[in-house]
There are 2 protein chains.
Amino acid sequence: MNVTGHTRRPASIRDVATAAGVSYQTVSRVINGHPSVKQTTRERVLAAIDELGFRRNATALALASGRSRAVTVLTANTTHYGYASILQGVEEAARAASYAVGIGVLESADEAAVAAEVQRAADAGGGLIVIAYDPAGVGALAAVPAELPVVGVVETPASPPGGDRPWVWTDDREAAYEVTRHLLSLGHETVHYVAIPSSTRRTSARTTGWRQALKEAGAPEPRPVQGSWGPAGGHAASVGLAADPSVTAILCGNDDLALGVLRALHEAGRSVPGEVSVAGFDDAPHSAYLTPALTTVRLDFTGLGRSAFALLHGLMEESAQIAPHPVSVPELVVRESSGPPPSRA
Amino acid sequence: MNVTGHTRRPASIRDVATAAGVSYQTVSRVINGHPSVKQTTRERVLAAIDELGFRRNATALALASGRSRAVTVLTANTTHYGYASILQGVEEAARAASYAVGIGVLESADEAAVAAEVQRAADAGGGLIVIAYDPAGVGALAAVPAELPVVGVVETPASPPGGDRPWVWTDDREAAYEVTRHLLSLGHETVHYVAIPSSTRRTSARTTGWRQALKEAGAPEPRPVQGSWGPAGGHAASVGLAADPSVTAILCGNDDLALGVLRALHEAGRSVPGEVSVAGFDDAPHSAYLTPALTTVRLDFTGLGRSAFALLHGLMEESAQIAPHPVSVPELVVRESSGPPPSRA
DNA sequence: GCGCCTTGTGTGACCGGTCACATTCATGCC
DNA sequence: GGCATGAATGTGACCGGTCACACAAGGCGC
């Protein structure tokens with residue numbers, strides 16, 4: 001404990017060294033747990049460290065050794081449930097490994113802006129985790145210089161699972177497939193889909209899963225409706241569907257979108273699940289408390305964040321080997337918003 | 001542009017210096033915009049910088065100069081709307097000032113755990129922004145060593161506004177006062193209150209505003225019901241209120257809580273706003289899309305985050321002077337969940 | 001008794017910047 | 001012409017650690 005009150009600058013290893021009557025290198029050995037330090041010396045140094053309240057300067061460590069014990073999460077958004085949860089997972093894992101966590105927000109998908117943000121993140125030193133669920137994130141992932149340790153949190157691995165690129169993902173395709181099957185099994189002729197913005201030009205994993213389930217059931221395949229991320233987008237996107245009496249089941253790209261859809265149906269005077277069934281995606285915390293409570297699929301975003309960090313950690317320290325990312329199984333959560341279609345004619 | 005392909009290490013100022021045929025100090029002067037560098041020399045150096053793709057090493061800068069251009073946000077949570085929005089605001093402002101943003105989550109309010117987290121944040125170098133809306137945050141704010149630049153985001157300033165401590169806040173008292181008055185003006189005899197966890201042992205600002213409005217109206221003052229942060233807490237806390245037929249108006253400490261309350265009322269078969277009026281707090285993005293749409297008060301959390309950063313920036317660089325934090329005015333948003341009590345007997 | 005390996009410790013250079021001070025040269029002024 | 005002055009530039013030390021290497025002392029084999 002530092003009893004001497006007004007210490008101006010924090011103690012350095014040289015301060016500790018003189019206090020313990022050894023060289024600074026010996027102090028360095030003690031902090032790093034080097035084996036060949038005599039027991040009595042080690043104790044003397046530890047006592048001095050305690051006395052002076054010494055803490056190793058992270059900046060100096062990073063500069064001298066190159067290794068930085070820091071991660072920056074690049075993301076287009078920090079407030080949406082999925083994004084925020086991934087961030088939370090990364091932070092948890094990073095804290096456990098005593099890594100510092102930085103964030104960088106990709107405000108625009110503009111190439112120059114994204115490149116600048118990637119640069120900023122790179123300047124911070126340490127590794128990168130890029131949430132690539134949207135064009136900005138995908139662009140950022142592509143713009144990361146090859147020599148930097150980076151892990152992408154992606155919608156679906158571009159190369160088939162088993163490719164050893166440092167990516168993590170949830171099985172969105174399987175999840176969408178499950179919910180769609182659930183709705184079809186209730187007797188709906190088909191299921192309409194209000195999509196979240198796709199991360200790329202390619203068809204999203206969620207869309208693929210939905211389509212697959214329809215095809216297997218021989219159900220007609222309506223054109224997906226493009227939504228945005230929030231409830232407002234879901235509302236705007238679904239006024240058309242709400243007015244169409246042939247629509248009896250709607251799958252939404254996420255729970256926020258579903259909220260807007262629910263609202264649009266309410267405004268159109270169509271009851272849920274009496275006339276129309278609605279299902280969401282993600283199982284956000286509010287979904288269980290809506291009226292009607294929302295049928296959805298739970299995805300383990302915090303776990304995903306933790307995996308992303310674990311992978312990055314493995315990339316950055318040779319001690320920790322790179323365990324393959326375990327893809328967690330999505331869980332269908334059936335609540336009140338889904339039921340059989342109105343008239344089983 | 002760096003055309004020479006495989007540069008192993010990034011260029012340092014000495015590399016630039018030799019390339020431009022000057023000393024490293026001159027390069028340093030150029031990057032820092034020092035006036036006394038001959039125009040032609042400056043151009044030569046800038047050309048070399050561009051050619052080698054030089055970027056100033058943030059770590060070395062921090063070590064050598066002491067100043068770090070980094071902020072760490074300490075918070076108990078990253079997923080709740082208010083917290084996430086403050087974080088977003090800080091990030092926006094920090095990005096504009098090209099500061100790096102770090103986050104540290106206070107997982108437990110335990111004193112030792114909080115102290116450890118503060119230490120970690122301090123180790124990162126740079127300034128601190130502590131979100132002190134809860135016991136963990138308040139503890140963290142108290143545990144920050146005096147010599148560190150820090151700004152607290154607090155519920156209410158402990159000293160009356162005008163005290164010059166580096167704090168920012170929204171006028172929660174006024175906001176609660178406004179909503180409560182709104183409900184009373186509709187004819188309700190009194191307004192019940194489901195509270196969020198208080199940041200301290202003292203009465204929260206929201207509670208104070210609510211109480212003040214009741215007192216002014218001569219309304220009876222029911223005991224506040226203690227909730228937690230999320231919908232589950234609101235639901236659990238309000239089953240009692242939902243069962244009590246004398247309850248006709250409920251104010252909730254935040255919108256998530258209100259969601260749970262709405263659900264509890266629905267389950268008890270009481271209509272909103274027919275039998276019971278409900279109002280929330282914060283105007284979270286989903287609130288406008290609930291059925292019934294939630295009456296609430298909007299608080300400018302992103303603005304609050306930006307103010308917090310501005311204040312901290314002023315603390316860390318003498319160039320930027322410390323502008324007093326402008327307290328934004330809370331805005332009452334009346335939607336569908338509030339109306340007159342059932343029978344104006 | 002000599003060489004050799006192991007254990008414990010110290011020295012100097014270095015990471016990539018900044019800072020304080022020294023140096024050079026062209027001016028302006030008396 | 002001599003000298004103070006300021007502009008333009010260079011030199012060495014330093015921030016707080018790490019790394020590579022040197023070196024002394026003790027134990028062991030022959």
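Each chain gets a letter, A, B and so on, in the order its sequence line appears, and its residues count up from 1. This one's a predicted model, so the numbers in the text were calculated from it and none came from an experiment. Keep in mind that the numbers below use all heavy atoms, side chains included, and drop hydrogens, waters and symmetry copies.
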Comparing H34(A) with R14(A), nearest DNA chain C nucleotide closer to 5' gives the residue H34(A)

So what does R55(B) touch, heavy atoms closer than 4.0 Å: a base, only the sugar-phosphate, or nothing?
sugar-phosphate

Report yes if some heavy atom in the side chain of R42(B) is under 4.5 Å from a heavy atom in the side chain of T26(B); otherwise report no.
no

Evaluate the side-chain proximity of L141(A) to V150(A): yes if any heavy-atom separation is below 4.5 Å, no if none is.
yes

Just to be sure I understand the rule, does T41(A) reach a base, reach only the sugar-phosphate, or reach nothing, if contact means heavy atoms closer than 4.0 Å?
sugar-phosphate

Expected list for residues 15-33 of chain B near DNA chain C, using heavy atoms below 4.0 Å, is Y24(B), Q25(B), S28(B), N32(B)

Which pairs would a plain distance check flag for residues 80-90 of chain A, meaning a side-chain donor or acceptor within less than 3.5 Å of a matching protein atom at least two apart in sequence or in another chain?
residue : atom : partner : partner atom : Å
Y83(A)  : OH   : D134(A) : OD2          : 2.3
S85(A)  : OG   : Y81(A)  : O            : 2.8

5'-most contact on DNA chain D (nearest-nucleotide basis), R42(B) vs A60(B), goes to R42(B)

Nearest 0.5 angstrom please: H313(A) NE2 to R69(A) CZ, how far?
5.5 Å

Of I131(A), V118(A), I129(A), the residue whose pairing with L74(A) passes side chain to side chain contact (heavy atoms under 4.5 Å, CB included):
V118(A)

Tell me whether E111(A) at atom CD has more than 12 heavy atoms from other residues, nucleotides or ligands lying less than 6.0 Å away.
no

Donor on one side chain, acceptor on other, T75(A) and N77(A), under 3.5 Å
no

When you compare the side chain of Y133(A) with that of V153(A), does any pair of heavy atoms fall below 4.5 Å?
yes

Counted 5' to 3', the first and last nucleotides of DNA chain C within 4.0 Å (strictly under) of a heavy-atom of chain A are dG8(C) to dG16(C)

Classify L63(B) by what it touches in the nucleic acid, base, sugar-phosphate, or nothing, heavy-atom distance under 4.0 Å.
base

